[in-house]
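By convention in this document, chain letters (A, B, ...) are assigned in the order of the sequence lines, proteins followed by strands, and residues within each chain are numbered from 1.
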There are 2 protein chains.
Amino acid sequence: MVRIDYTHCAQLLKALAHPTRLNIVALIKEEQPCVKALEEVLGVSQSNISQHLSLLRHLGIVRARREGNQVCYRLSDDTVSKMLDVLSNSINQKESENGKSD
Amino acid sequence: MVRIDYTHCAQLLKALAHPTRLNIVALIKEEQPCVKALEEVLGVSQSNISQHLSLLRHLGIVRARREGNQVCYRLSDDTVSKMLDVLSNSINQKESENGKSD
DNA sequence: TCAGACTATTCTAATAATTGAATATAAAAA
DNA sequence: TTTTTATATTCAATTATTAGAATAGTCTGA
């Protein structure tokens, strides 16, 4: 039985606990976009995106790979991916609860 | 296909993104402790615990039930419970990766 | 009713997070 | 080499979070 390190987990959760970062991470989960692509999809300044990516990189949540003059990102492991799955599943579940007929 | 509301999800994550609150939520997941019990286990001031619980209540993450002169808490739904599972599973996985023999 | 135990709220000071602007760096194209 | 495109970093101002202290409310039992 492994005890949870609440400080460490809280740090991970905090990294995801920002609308822009969460959106960034979700996009990185789907494809492996470069910064420019994120900028266009999110409509947020390049500086801001880069700062959020910097934070995610330093926590080891995402990894950068240079391709020519652009930098592409991918998720480091599947923990974050699973977290996103839980979130979207829980939304789905609540949707169908609202729509049920009894 | 349901699109994720990143602002709403980020709010949920932020609520969990604090060591004390995460610990509180994990304890509430296991048993259904009253404030006094949380205070004793966590070694944190009553005021502080109550503030964290207030935040969790207002976001609908936990629910309070009065029992005599104390108030017991439980999780509202299993989304948070599943999040905790993902976190502890991911820790388990990394533990066994470190311990593997190749 | 009153005292005592348990819980919640409010206020405040300290600290942390967020953002835009400006600037720096790296690769490609001219 | 110079210019352009893409990305990263630094700085400063604003806003948000946190925790302790003080206070208030709620329930039980005498």
Can a side chain N or O of A:His18 be found less than 4.0 Å away from OP1 or OP2 on C:dT19? yes
Heavy-atom side-chain contact between B:Leu22 and B:Met83 under 4.5 Å: no
Starting at CG of B:Leu42 and ending at P of D:dT18, how long is that distance when rounded to a whole Å? 15 Å
Counting heavy atoms from C-beta on, name the nucleotide in D:dC11, C:dT9, C:dA22 closest to the side chain of A:Ser47. C:dA22
To the nearest Å, how far apart are B:Gln46 CD and C:dA5 P? 14 Å
Rounded distance (Å) that lies between atom C1' of C:dT7 and atom CG of B:Leu53: 10 Å
Nearest-Å distance, CD (B:Glu39) to C1' (D:dA19)? 14 Å
OP1 or OP2 of D:dA19 sitting under 4.0 Å from any side-chain N/O of B:Asn48? yes
Looking for any heavy atom pair under 4.0 Å, which part of the strands does B:Ser54 touch: base, sugar-phosphate only, or nothing? sugar-phosphate
Here the distance between atom C1' of C:dA8 and atom CG of B:Leu56, to the nearest Å, is 14 Å
For B:Ala64 and B:Tyr73, the nearest pair of non-hydrogen atoms, with its separation, is CB-CE2, 3.6 Å
Choose from D:dT7, C:dT7, C:dG20 the nucleotide whose nearest atom is closest to any side-chain atom of A:Gln51. C:dG20
For D:dG25, does either OP1 or OP2 sit under 4.0 Å from a side-chain N or O belonging to B:Arg66? no
What's the closest nucleotide to the side chain of B:Gln70 if the choices are C:dA28, D:dT10, C:dC6? C:dC6
Below 4.0 Å: OP1/OP2 of D:dG20 and any side-chain N or O of B:Ser45: yes
Return the value, rounded to whole Å, for the distance between atom CG of B:Leu55 and atom C1' of C:dA8. 14 Å
5'-most by nearest nucleotide on DNA chain C - B:Tyr73 or B:Lys14: B:Tyr73
Less than 4.0 Å between a side-chain N and a carboxylate O, is that true for B:Asp85 and A:Lys82? no
Regarding the side chain of B:Arg57, the nearest nucleotide among C:dT18, D:dA6, C:dT9 is C:dT9
Does a nitrogen or oxygen in the side chain of B:Arg21 sit under 4.0 Å from OP1 or OP2 of D:dT18? yes
Using a 4.5 Å cut-off on heavy atoms from C-beta on, say whether the side chain of B:Leu12 contacts that of A:Leu87. yes
Strictly below 4.0 Å: does B:His52 bring a side-chain N or O up to OP1 or OP2 of D:dA19? yes
Separation of atom CG in A:Asn69 from atom C1' in D:dT3, rounded to whole Å: 13 Å
Looking only at side-chain atoms of B:Cys34, point me to the closest of D:dA6, D:dT9, C:dT7. C:dT7
Of A:Cys72 and B:Thr20, whose closest DNA chain D nucleotide lies nearer the 5' terminus? A:Cys72
How many Å lie between CD1 on A:Ile49 and C1' on D:dT9, as a whole number? 16 Å
Quick one: does B:Asn23's side chain get under 4.5 Å of B:Val44's, heavy atoms only? no
Tell me yes or no: between the side chains of A:Thr7 and A:Gln11, is some donor less than 3.5 Å from an acceptor? no
